[in-house]
Visitor: 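For reference, the structure I am asking about is given below.
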There are 2 protein chains.
Amino acid sequence: MINELKSVPEPTLRRLPVYLHYLKDIYKAGKSEVSTTNIAGELKLDPTQVRKDLAYTGIAGKPKVGYDVEVLISTIEDFLNWNNLTDAFLVGVGNLGMAILGYNGFKKYGLNIIAAFDNDPAKIGREIHNVPVLPIEKLSDLIKRMHIHIGILTVPATEAQKITALMIQGGIEAIWNFAPASLKVPEEIVVENAGFTTSLAVLTRKLAEKLK
Amino acid sequence: MINELKSVPEPTLRRLPVYLHYLKDIYKAGKSEVSTTNIAGELKLDPTQVRKDLAYTGIAGKPKVGYDVEVLISTIEDFLNWNNLTDAFLVGVGNLGMAILGYNGFKKYGLNIIAAFDNDPAKIGREIHNVPVLPIEKLSDLIKRMHIHIGILTVPATEAQKITALMIQGGIEAIWNFAPASLKVPEEIVVENAGFTTSLAVLTRKLAEKLK
DNA sequence: TAGATTGTTAATCGATTAACAATC
DNA sequence: TAGATTGTTAATCGATTAACAATC
């Protein structure tokens, strides 16, 4: 089992980027070492939890001192594979799709969107923020030919399953799903649901609870 | 403790919108009754879990039959307070902010964005998708005067804490935070982090684990 | 050295899953 | 009625938190 990457609890995965942002902040502010006591205090978490999370990345700290901020940053980035650019396709050039294409920052997170797809003739052939928009018909074939692993799904819910099928047909490995719909996929396909409504449900219910 | 709303586990809150989308699908398809066995099978969850989740909303099912789809839909919507429109302000009219303003569908989730704020003179005074863009300077005061409860934060990470402070100064109750940054807020403020990077971390790591 | 911190094992807590009586 | 399903209690599982020896 040599090259096997250990499966990490999802709560841990969700906290790692939070640490990362904080670490980058204090690094910019000139701090070169940091303790889990420190991180936990700032982010309102348990220090032991922070230590356990960091342990997953394989980094070692120094008793009494803490962790080297710069090393810690790049260790987390390596762990999330954010130091390697991975090519991705985006499908659905609507409001959200365009916003994602326009946000230049995904390269910092290892994501390189190299083409977008839509079925609107007015959009096909154009470039949005330097990314060409191609017809849906070419999706499957290009995924296959270019060995694309990540598909970003920003189509309306009604189209989501259809496009998913095309992606899978092409051999996609992972789908970042922004549509408010549950995708049916074979077990081996990684799906991460990033639809806004889940998050909004938490917000609106907590607010309702708060306001009695 | 009469009017006290019971605090619901967050995992349950996150599943409720998933049920809701599925229920709307089958309702459109003409189904009027549904069992938890059915829902769970379709969404790859445990039937007992679905029953427990639904129990939080207070709905009652019929042994042997299941639940009335139409009633179930509106019960979940009520539970999340999605049947009442709540006014909200959005701050940060960049790519993402504009996409959110352009997405007409939030009214279905009880969210009514009535004004946007930015510090770019080129944007101030315009209307984006019928929502007026106002200067940041007016944010605190208008939150207070209009009794706004929800603030949507779509500014760059560097500005996030500053704008948060202004929102709190105005008396905001809940912040929907799309910036990749941890906000420091008093305990009583509801913050829901919807930044993309958390979700992306899960995707990229799982993909890395899968591809060995 | 003394004291703060790491790294790890044990205890606790909460959510998921299993079991099953009640029901229509 | 028989059989599927609800609603709930008990068992299990996994994540969080507490405790503490090792370390620099």
Side-chain angles (χ1 to χ4, degrees), chain A residues 6-19 22-23 26 31-73 75-76 79 182 198 201-202 205-206 209, chain B residues 6-19 22-23 26 31-73 75-76 79 182 198 201-202 205-206 209:
Chain A
K6 217 172 66 176
S7 167
V8 185
E10 231 182 88
T12 294
L13 283 181
R14 295 187 178 277
R15 281 187 297 265
L16 287 175
V18 179
Y19 301 150
Y22 173 68
L23 292 166
I26 63 171
K31 286 195 79 178
S32 61
E33 272 151 349
V34 69
S35 72
T36 53
T37 324
N38 196 310
I39 297 173
E42 208 61 32
L43 303 176
K44 300 206 178 140
L45 298 169
D46 186 282
T48 304
Q49 183 170 70
V50 178
R51 245 169 283 146
K52 279 223 166 128
D53 287 343
L54 297 186
Y56 278 106
T57 70
I59 198 173
K62 290 202 193 94
K64 170 154 167 121
V65 179
Y67 301 78
D68 184 285
V69 176
E70 197 171 2
V71 174
L72 193 43
I73 288 172
T75 303
I76 294 176
F79 188 75
S182 292
T198 302
V202 178
R205 174 64 196 185
K206 284 192 178 168
E209 287 176 5
Chain B
K6 214 170 69 175
S7 167
V8 185
E10 229 181 89
T12 295
L13 283 181
R14 295 186 178 279
R15 282 188 297 268
L16 287 175
V18 179
Y19 301 150
Y22 173 67
L23 292 167
I26 63 171
K31 286 195 77 177
S32 60
E33 269 150 352
V34 69
S35 72
T36 55
T37 323
N38 196 308
I39 297 174
E42 208 61 33
L43 303 176
K44 299 204 180 143
L45 297 169
D46 186 281
T48 304
Q49 182 171 72
V50 178
R51 246 169 283 146
K52 277 223 167 130
D53 286 343
L54 297 185
Y56 277 105
T57 69
I59 197 173
K62 289 204 195 91
K64 168 156 169 121
V65 178
Y67 300 79
D68 183 285
V69 176
E70 197 171 2
V71 174
L72 192 43
I73 288 173
T75 302
I76 294 176
F79 188 74
S182 292
T198 301
V202 178
R205 173 66 196 184
K206 284 193 178 167
E209 286 175 6

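All chains are named by letter (A, B, ...) in the order of the sequence lines, taking the proteins before the strands, and each is independently numbered beginning at 1.
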Visitor: For A:Pro63 and B:Tyr67, find the nucleotide of DNA chain D closest to each by heavy atoms; which residue's nucleotide sits nearer the 5' end?
Guide: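 This one resolves to B:Tyr67.
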Visitor: Under 3.5 Å for both donor-acceptor distances, Watson-Crick or wobble: does D:dT23 have a partner, and if so which one?
Guide: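 D:dT23 is paired, partner C:dA4.
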Visitor: Identify the nucleotide, in any strand shown, that forms a Watson-Crick or G-U wobble pair with D:dA18, with both distances under 3.5 Å; if there is none, say none.
Guide: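 Partner of D:dA18: C:dT9.
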Visitor: Give one of base, sugar-phosphate or nothing for B:Thr48, where a contact means two heavy atoms less than 4.0 Å apart.
Guide: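 B:Thr48: base contact, heavy atoms under 4.0 Å.
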Visitor: Return yes if a side-chain donor-acceptor contact under 3.5 Å exists between B:Thr198 and A:Arg14, otherwise no.
Guide: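 The criterion, which ignores hydrogens and geometry beyond distance, is not satisfied for A:Arg14 and B:Thr198.
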Visitor: Contact class for A:Thr12 (heavy atom, under 4.0 Å): base, sugar-phosphate, or nothing?
Guide: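 No contact.
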Visitor: Can any side-chain N or O of A:Thr75 pair as donor or acceptor with the backbone N or O of A:Val71 at less than 3.5 Å?
Guide: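 Present.
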Visitor: Under 4.0 Å from a heavy atom of chain B: give me the 5'-most and 3'-most nucleotides of DNA chain C that qualify.
Guide: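 Contact boundaries, 5' end first: C:dA15 to C:dC24.
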Visitor: Just to be sure I understand the rule, does B:Lys64 reach a base, reach only the sugar-phosphate, or reach nothing, if contact means heavy atoms closer than 4.0 Å?
Guide: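 Touches a base.
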Visitor: State the CD1-OH distance between A:Ile76 and A:Tyr19, to the nearest 0.5 angstrom.
Guide: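 Separation between the atoms: 8.5 Å.
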Visitor: Report yes if the side chains of B:Arg51 and B:Tyr67 come closer than 4.5 Å at any heavy-atom pair, otherwise no.
Guide: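 A side-chain contact exists here, since the closest heavy-atom pair is under 4.5 Å.
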Visitor: Can you see whether A:Asn38 engages A:Tyr22 through a side-chain donor-acceptor pair at a distance of less than 3.5 angstrom?
Guide: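 Yes.
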Visitor: DNA chain D: B:Thr37 or B:Ala55, which has the more 5' nearest nucleotide?
Guide: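 Upstream on the strand: B:Thr37.
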Visitor: If we ignore hydrogens and angles and just use 3.5 Å, is the side chain of B:Arg205 paired with the main-chain N or O of A:Phe79 as donor and acceptor?
Guide: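 Flag set: sc B:Arg205 to bb A:Phe79 pair under 3.5 Å.
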